[in-house]
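Data first, discussion second: the structure below is written as structure tokens.
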Amino acid sequence: MKLQRYDTSYIKDYMETPEGYLTVNVPITRPGVFPYQRQDGTVQMEAKLPEDIFSDRTIYSARSKPVTDGHPNEPVTIDNYQTYAKGMSHTDSRVEDFKLYISLTVTDKTLIEKIHDGYNEISIGFLSDVVAESGIYNGDQYEYVQRNVEINHIAIVEKGRAGPEVAIRADSDAWQIDEKGGNTNMVKIKIEGTEYEVDPAVKAHIDALKAKEETAKVKGDSADALQGRLDALDLTIKAKDQEIATLKEQVLSADELDKQVEVRVKLIDAAKPLLGDSFDFTGKTDREIKEAVISTTKQDFKGDGKSDDYINAFFDAAVEQVQLNGFSSTGANSAYTGDAGGDKDLQALKNERLNMRK
């Protein structure tokens, strides 16, 4: 089941367009463990892991999404866009400094005035699958993981979940230097279990390196998974092609079926005068019918080991005798009483058969 969630960050910088709109370049989410309130009022810790929020699915979902003044109490769709939308995100979503960045333009005058007055944090509204899975990320314990994150809208709020790290700022407000020349915005990073205070620029560089490493891994995993699916699909297609080819070989065309029926009818018509009406043709192969005809002319005949050419030639000769002389299928005046086992006789029978076909 997909749940709607909200994340918050600061707008890093902005500029006004000639029309008075406000264009913002901002990080909208980052990996981490965040508290989310359940419907019963209790809080659960949910993790946004790099492989999820830096996936192509999530990165692309941030593009061309409505900017809202605070979070609506429902997902923004085409049906309520005019009610909630105060701007639109652009199509340049990407990973920078271990965060998901995108630029957006605010077109609502009232919201622009709020931003200038300090209403400057960004909070994404998104849908995700919340999976019960515990673990530790960057030293923070979590009970659930957000999977398949899809961003629905980008809200500008007074105070968001991720704190001042993700907010709207003018370039002149980026760093504040005290009278001694020191940076008052020192941040903490953890290296092998120990925390250090460093300049934000140092931390940003470290985060950028981590983002590149994580993104490369995610891209590599995605490419491998995609190649695996393509290879499996290719095998399936080849198997289906082979199956179709086999079925085509097994299925007779209409013309081929007509020819076989015609040949069968001619064979039965030729054999009936020698075998009589009592002979049951059902289930008999062409060769079995021909051997039965030969047996009426040669009482001790056995077809075992005889070639198809031999059987065909003997049968054609027997039928020809009946047609020429009107002999019956039994008795002294049988259609053929000679021994056709010799090579010379066999060749003669073959020639007669070929002449008849011509």
Are T282 and D280 close enough that a side-chain donor and a side-chain acceptor fall under 3.5 Å? yes
Nearest heavy-atom contact between V157 and G70 is CG1-CA, 3.9 Å
Membership question, hydrophobic clusters at under 4.5 Å side-chain separation (ILVMFWY): are Y60 and I124 in the same one? yes
Give a yes or no on whether a salt bridge exists between D286 and R264, defined as a side-chain N under 4.0 angstrom from a carboxylate O. yes
Minimum heavy-atom separation for P31 to I53, with atom names? N-CD1, 3.2 Å
Nearest 0.5 Å please: distance from the CG atom of D69 over to the CD1 atom of I156. 7.5 Å
Do T58 side-chain atoms and D52 backbone N/O form a donor-acceptor pair below 3.5 Å? yes
How about T23 and H90: do any of their side-chain heavy atoms sit closer than 4.5 Å? yes
Please examine the side chains of K290 and L267, heavy atoms only from C-beta on, and report whether any two atoms are closer than 4.5 Å. yes
Take D234 and K238, measure what salt bridge (Lys or Arg N to Asp or Glu O under 4.0 Å) needs, and give me the verdict at the end. CA-CA 6 Å; D234 183 56; K238 288 182 179 178; 3.4 Å; yes
CD-CZ distance between Q146 and F126, expressed to the nearest 0.5 angstrom: 4.0 Å
D108 side chain to T68 backbone, donor-acceptor under 3.5 Å: no
Flag, side chain of D92 to backbone of S103, donor-acceptor distance under 3.5 Å: yes
Closest approach of K99 and P27, non-hydrogen atoms and distance? CD-CB, 3.6 Å
Could you walk me through whether V33 and Q141 satisfy the side-chain contact (heavy atoms from CB on, under 4.5 Å) test, starting with their C-alpha distance in whole Å, then the side-chain angles of each, then the deciding distance to 0.1 Å, before giving a yes or no? CA-CA 7 Å; V33 178; Q141 180 77 37; over 6 Å; no
How about I151 and L100: do any of their side-chain heavy atoms sit closer than 4.5 Å? yes
Before you tell me yes or no, could you show the steps for L274 and F279 under side-chain contact (heavy atoms from CB on, under 4.5 Å), namely the whole-Å CA-CA distance, both residues' side-chain angles and the distance that decides it to 0.1 Å? CA-CA 10 Å; L274 290 92; F279 185 82; over 6 Å; no
In terms of heavy-atom contacts, G32 and Y137 come closest through N-CE2, 3.8 Å
Between N80 and E74, is the side-chain contact (heavy atoms from CB on, under 4.5 Å) condition met? List the steps. CA-CA 9 Å; N80 56 27; E74 59 183 335; 3.5 Å; yes
Hydrophobic clusters here meaning ILVMFWY residues chained together by side-chain heavy-atom distances under 4.5 Å, can you tell me if Y21 and I102 are in one? no
Exam field: side chain S128 to backbone V149, donor-acceptor pair closer than 3.5 Å: no
Hey, are the side chains of M45 and D140 touching, using non-hydrogen atoms and a 4.5 Å cut-off? no
Nearest 0.5 Å please: distance from the CD1 atom of I136 over to the OH atom of Y142. 8.5 Å
Nearest-0.5 Å distance that lies between atom CD in Q44 and atom OH in Y144: 5.0 Å
Connected via hydrophobic side-chain network under 4.5 Å: F281 and V263: no
Would you say Q82 has more than 12 foreign heavy atoms packed within less than 6.0 Å of its CD? no
Taking the side chain from D316 and the backbone from A313, do they hold a donor-acceptor pair closer than 3.5 Å? no
Assess K306 against F314: is NZ or CZ under 6.0 Å from the centre of the six-membered ring, and within 45 degrees of the ring's axis? no
Distance from T110 atom OG1 to Y119 atom OH, nearest 0.5 Å? 11.5 Å
Would a distance-only check, ignoring hydrogens and angles, find a side-chain to backbone donor-acceptor pair under 3.5 Å from K86 to L111? no
Do other residues, nucleotides or ligands put more than 12 heavy atoms under 6.0 Å from the NZ atom of K284? yes
Could you walk me through whether D231 and L235 satisfy the side-chain contact (heavy atoms from CB on, under 4.5 Å) test, starting with their C-alpha distance in whole Å, then the side-chain angles of each, then the deciding distance to 0.1 Å, before giving a yes or no? CA-CA 6 Å; D231 290 345; L235 290 176; 5.7 Å; no
Please check if any side-chain donor atom of R63 sits under 3.5 Å from a side-chain acceptor atom of S93, or the reverse. yes
Going by heavy atoms in the side chains, are R30 and F98 under 4.5 Å from each other? no
Of all heavy-atom pairs linking F34 and K48, the shortest is CE1-CD, 4.0 Å
Closest non-hydrogen atom pair between S89 and L104, with its separation: CA-CB, 3.7 Å
Relative to each other, are the rings of H71 and H153 parallel, tilted or perpendicular (30° and 60° limits)? perpendicular
CG-CD distance between L49 and E133, expressed to the nearest 0.5 angstrom: 7.5 Å
